[in-house]
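In the text below, chain A, chain B and the rest are named by the order of the sequence lines, each starting its count at 1. All of these numbers come straight from a predicted model, not from anything done at the bench.
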2 protein chains.
Amino acid sequence: MSQVMPDWSVLLSTCPSRTSLARIANKWTAMAVSVLGSNGRMRFGDLRTQLDGISGKVLTETLRDLERDGLVTRHVHAEVPPRVEYELTALGFTLHAPLLALCRWAEEHIAEVLVNREIYDAR
Amino acid sequence: MSQVMPDWSVLLSTCPSRTSLARIANKWTAMAVSVLGSNGRMRFGDLRTQLDGISGKVLTETLRDLERDGLVTRHVHAEVPPRVEYELTALGFTLHAPLLALCRWAEEHIAEVLVNREIYDAR
DNA sequence: CTGCATCCTGCACGATACTG
DNA sequence: CAGTATCGTGCAGGATGCAG
C-alpha cells in the first residue's frame, strides 16, 4: 500500500524523497538494478563482472544501500567457498523499467550526443 | 536518425555511453530535465527557485553540460537586466519521461523506503 | 569467494564576492 | 539578472591487503 504523497516533492531540499532520488539516480545503481532485473538472482562475483570496472568496495556499498532501502535481498549460502546472491525485491523491480530505460537511452543516443559535443566544442 | 548500437553497452567501462549515463543519472539532471519538460521554456532564476537548494554555480554547470550534449537550448535576450531562458531540445525531451519517472518514484515510494531503512537499521 | 579496513585522490558541490 | 572566479570541504570511489 505505498501511498502517493503529493506534498512530498524531490524539488524541496528538505524532503527525504530527494535523498532517495540521489541514491537511485546514479550510474552504479542504474546499472546494478538493470542487470539484476534482467538476469534475476545473481552472485556477487557475476555482478562484479557484469558491472565492468566497478571495485569490490563500491559494489558492496551499492548493494548494501539497495538492501537497506528494501530494493534488494541478500541470500547467503552456508558453503565454502562462500556464495552470496542478490535479487531484486518487488519494490526494487518497480525501479527496473525506469532505470533500464536510462541505460538504453545512453546507449541509443550516445552517437548523437557525441556529435553535439563536437559541434559545441568547435567554438 | 539516431542508430541503435547494440554493441555499445553502458556495462563496458570503455564505452562512451557510460559517461553519458553518468551525466543523465544524477539528481540535478533528473530534476532540471523534469522541471524543464513539465514547464517548457524557463528563465535561469526560475529554474534556480524550482530546484530548491541548488547553487548558481552548479545550476550553470548543469545547464552548460546539457547544452553541450544537445539536450537543452539557451536563449539569450539582449535586454537589461539580462534574461536567459532554457528549453529542452527534441533530444532532451526524449529524456523527460524517464527522468520524470525517477523523480516520481522517489516521491511515491519514499514512505516505504523509510520504513525499510528503519527495519534494517534496527539490527 | 565475499567482504571489510585502510589509505588516498579527485571531483562534486557549496559559499562568497565580483562583473556586464 | 545571470553569470564568472576563487576557494574550501566532504565524500565518492579506486587500490591494496587481510579475514572468514
Task: For atom NE2 of His75(A) and atom P of dT2(C), their distance in whole Å - done: 14 Å

Task: Other ILVMFWY residues reachable from Ile119(B) by side-chain steps of under 4.5 Å - done: Val115(B)

Task: Test item: Gln50(B) side-chain N/O and Leu11(A) main-chain N/O as donor-acceptor pair under 3.5 Å - done: no

Task: Spacing between Glu61(A) atom CD and dC4(C) atom C1', to the nearest angstrom - done: 10 Å

Task: Rounded distance in Å - CD1 (Ile54(A)) to P (dG3(C)) - done: 13 Å

Task: Between dC11(C) (C1') and Asn26(A) (CG): distance, integer Å - done: 15 Å

Open item on the list: Ring of Tyr120(B), cation from Arg123(B) - is the NZ or CZ under 6.0 Å from the centre and inside 45° of the axis?
Closed with: yes

Open item on the list: Between Trp105(B) and Leu91(A), is there a side-chain heavy-atom distance shorter than 4.5 Å?
Closed with: yes

Task: Donor-acceptor pair between Arg74(A) and Tyr86(A) side chains, under 3.5 angstrom - done: yes

Task: Sequence neighbours excluded, every pair satisfying salt bridge (charged side-chain N to carboxylate O under 4.0 Å, His left out) that has a member inside residues 12-38 of chain A - done: Arg23(A)-Asp69(A)

Open item on the list: From CG of Leu51(B) over to P of dA12(C), roughly how many Å is that when rounded to an integer?
Closed with: 18 Å

Task: Rounded interatomic separation in angstrom, taking CZ from Arg23(A) and C1' from dA12(C) - done: 17 Å

- [ ] Nearest whole angstrom, please: distance from the P of dC13(C) to the NZ of Lys27(B).
- [x] 7 Å

Task: Atom-pair distance (CG on Leu59(B); C1' on dA12(C)), nearest Å - done: 15 Å

Please enumerate all protein N or O atoms sitting under 3.5 Å from an N or O of nucleotides 2-7 of chain D, with distances to 0.1 Å.
from, atom 1, to, atom 2, distance (Å)
dA2(D), OP1, Arg43(B), NE, 3.0
dA2(D), OP1, Arg43(B), NH2, 3.1
dA2(D), OP2, Gly45(B), N, 2.8
dG3(D), OP1, Arg74(B), NE, 3.4
dG3(D), OP1, Arg74(B), NH2, 2.4
dG3(D), OP2, Tyr86(B), OH, 2.6
dT4(D), OP1, Arg64(B), NH2, 3.3
dT4(D), OP2, Arg64(B), NH2, 2.6

